[in-house]
Amino acid sequence: MNVKPIGIFDSGVGGTSIWKEIHALLPHENTIYLADSKYAPYGQKTKEEIIALSAKNTELLIARGCKLIVVACNTATTNAISHLREKYDVPFIGIEPAIKPAALNSGTGTVGVLATKGTLSSSLFLKTSKDHAGEISIVEQEGAGLVPLIEAGKINSIETKQLLIKYIKPMLQANMDHIVLGCTHYPYLIPVLKEILPTHVKIIDCGAAVAKQTLAVLDKESLKNPKKIPGKIQFYTNKDTEILISFLKDVDEIKQIAYLDF
Ligand code: DGL
């Protein structure tokens with residue numbers, strides 16, 4: 001069981017930001033990543049559609065023998081993870097906007113959250129933001145249009161920068177000092193964000209925390225791969241392999257990035 005792979009999925013290339021954190025912490029684990037880019041963005045879909053897509057990805061990963069599944073997508077986590085946990089008999093790790101660390105460290109008392117419509121409208125997100133409502137004020141912003149631009153590889157385009165400037169303006173007007181990236185595609189926007197944001201605004205991205213949680217669950221469930229050889233890495237996309245490759249060009253050891261119809 002322990003040599004079986006960790007499965008990771010996202011609506012597209014964004015979850016590679018999480019895969020990189022997991023691989024850095026757990027280089028001996030075998031991993032299978034699914035980029036469901038054909039159906040991106042998830043953020044504009046209904047809860048039912050997000051659950052159906054998440055179940056499809058999960059079933060493929062389970063069919064390939066995955067011992068644990070990381071839902072590397074805030075939209076899928078906040079809308080579908082409780083359903084997945086009920087239906088499938090593998091441990092799941094999810095990701096949701098990291099309001100807590102932002103709230104704990106905020107000096108101005110105002111925190112911005114940039115996420116998809118699907119995440120911001122989910123009951124899980126509403127609960128988390130309510131839990132912090134007494135301590136801080138949260139300025140929510142839907143990042144409409146950002147995921148399609150990232151999926152098209154247009155990170156450094158004028159269009160992307162202009163959208164970010166528009167989305168960040170109300171947060172700055174409200175005096176935020178932390179911005180929470182509530183979508184796993186958005187860490188790829190950090191260089192552009194740094195050009196726009198005043199230096200005192202901290203960017204909160206919890207990819208590293210997801211990797212630590214993955215390690216903790218592997219330990220707890222006695223699922224850690226005991227082999228001390230580099231893990232086998234498999235990446236699959238149901239859309240454009242070239243785009244996925246461009247997001248992984250900084251990882252030398254990846255050999256297999258393939259098209260798969262799922
Ligand atoms: N990476 C997904 C997330 O974390 C993007 C959602 C989408 O496809 O709209 O929310």
Side-chain angles (χ1 to χ4, degrees), residues 7-22 33-58 61 69-84 92-99 112-126 128-129 140-155 160 163-164 167 179-190 193 203-211 213-214 235-240 243-244 246-248 262:
I8 303 169
F9 76 83
D10 178 39
S11 63
V13 295
T16 57
S17 62
I18 304 293
W19 178 89
K20 287 174 190 175
E21 299 284 357
I22 291 172
Y33 181 97
L34 298 181
D36 199 15
S37 295
K38 187 170 152 189
Y39 299 101
Y42 281 10
Q44 305 295 323
K45 297 190 181 345
T46 64
K47 185 177 172 74
E48 289 69 32
E49 287 170 324
I50 297 165
I51 289 174
L53 290 166
S54 301
K56 163 187 73 87
N57 300 331
T58 298
L61 291 169
I69 292 176
V70 180
V71 182
C73 174
N74 291 259
T75 312
T77 300
T78 52
N79 285 276
I81 203 162
S82 55
H83 172 92
L84 298 175
F92 285 92
I93 311 272
I95 178 165
E96 53 178 309
I99 295 176
V113 179
L114 187 63
T116 68
K117 185 177 168 191
T119 294
L120 295 175
S121 63
S122 68
S123 46
L124 196 56
F125 178 78
L126 288 179
T128 312
S129 52
E140 293 172 20
Q141 176 63 54
E142 181 192 332
L146 291 174
V147 167
L149 283 166
I150 298 165
E151 284 288 318
K154 293 183 180 167
I155 291 171
T160 303
L163 267 186
L164 281 174
Y167 292 157
I179 179 167
V180 177
L181 303 186
C183 170
T184 56
H185 282 68
Y186 299 166
Y188 287 108
L189 299 176
I190 289 175
L193 277 169
I203 300 170
I204 307 288
D205 151 41
C206 66
V210 174
Q213 178 65 6
T214 305
F235 275 85
Y236 297 103
T237 174
N238 51 16
K239 205 170 172 193
D240 186 339
I243 290 281
L244 183 56
S246 72
F247 280 84
L248 295 164
F262 60 95

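All values below were derived from every heavy atom in this structure, side-chain atoms included, with hydrogens, water molecules and symmetry-related copies excluded. In each ligand, atom 1 is the first atom listed, and ligand 1 is the first ligand listed.
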task = Return yes or no for this condition: an N or O of Thr119 is under 3.5 Å from an N or O of ligand 1.
result = no
key: Atoms in ligand 1 with a heavy atom of Thr116 nearer than 4.0 Å   = 6 (C), 9 (O), 10 (O)
ask   = Looking at atom 9 (O) of ligand 1, what's its closest protein heavy atom, distance included?
value = Gly43 N, 2.7 Å
ask   = Distance only, no hydrogens: is a donor on one side chain within 3.5 Å (strictly under) of an acceptor on the other, for Tyr42 and Asp36?
value = yes
request  = Could you tell me whether some N/O pair between Thr184 and ligand 1 is separated by less than 3.5 angstrom?
outcome  = yes
query = Checking Ser17 side chain against Thr184 main chain: does a donor-acceptor pair fall under 3.5 Å?
reply = yes
ask   = In the protein, which heavy atom is nearest to atom 7 (C) of ligand 1, and how far is it?
value = Tyr42 N, 3.2 Å
ask   = Of the choices Asn74, Thr16, Asn79, which has the non-hydrogen atom that lies closest to atom 3 (C) of ligand 1?
value = Asn74
task = Determine the minimum heavy-atom distance between Gly145 and Leu163, stating which atoms define it.
result = C-CD1, 4.0 Å
ask   = Do other residues, nucleotides or ligands put more than 12 heavy atoms under 6.0 Å from Lys117 NZ?
value = no
note = One finds that the ligand 1 atoms under 4.0 Å from a non-hydrogen atom of Ser11 are 2 (C), 5 (C), 6 (C), 7 (C), 8 (O)
ask   = What is the nearest protein non-hydrogen atom to atom 2 (C) of ligand 1, stated with its residue, atom name and distance?
value = Cys73 SG, 3.2 Å
message = How about NZ on Lys154, more than 12 heavy atoms from neighbouring residues, nucleotides or ligands closer than 6.0 Å, or not?
response = no
inquiry  = Under a 4.0 angstrom heavy-atom cut-off, which atoms of ligand 1 come close to Asp10?
reply    = 1 (N), 2 (C)
task = Report yes or no: do Glu151 and Ser37 form a side-chain donor-acceptor pair below 3.5 Å?
result = yes
inquiry  = Distance under 4.0 Å to a non-hydrogen atom of Pro41: what atoms of ligand 1 satisfy this?
reply    = 7 (C), 8 (O), 9 (O)
ask   = Just by distance, do the side chain of Asp205 and the backbone of Leu181 share a donor-acceptor pair under 3.5 Å?
value = no
Residue Lys20 excluded, over 12 heavy atoms near NZ under 6.0 Å = yes
ask   = Against heavy atoms of Thr75, which atoms of ligand 1 measure under 4.0 Å?
value = 3 (C), 6 (C), 10 (O)
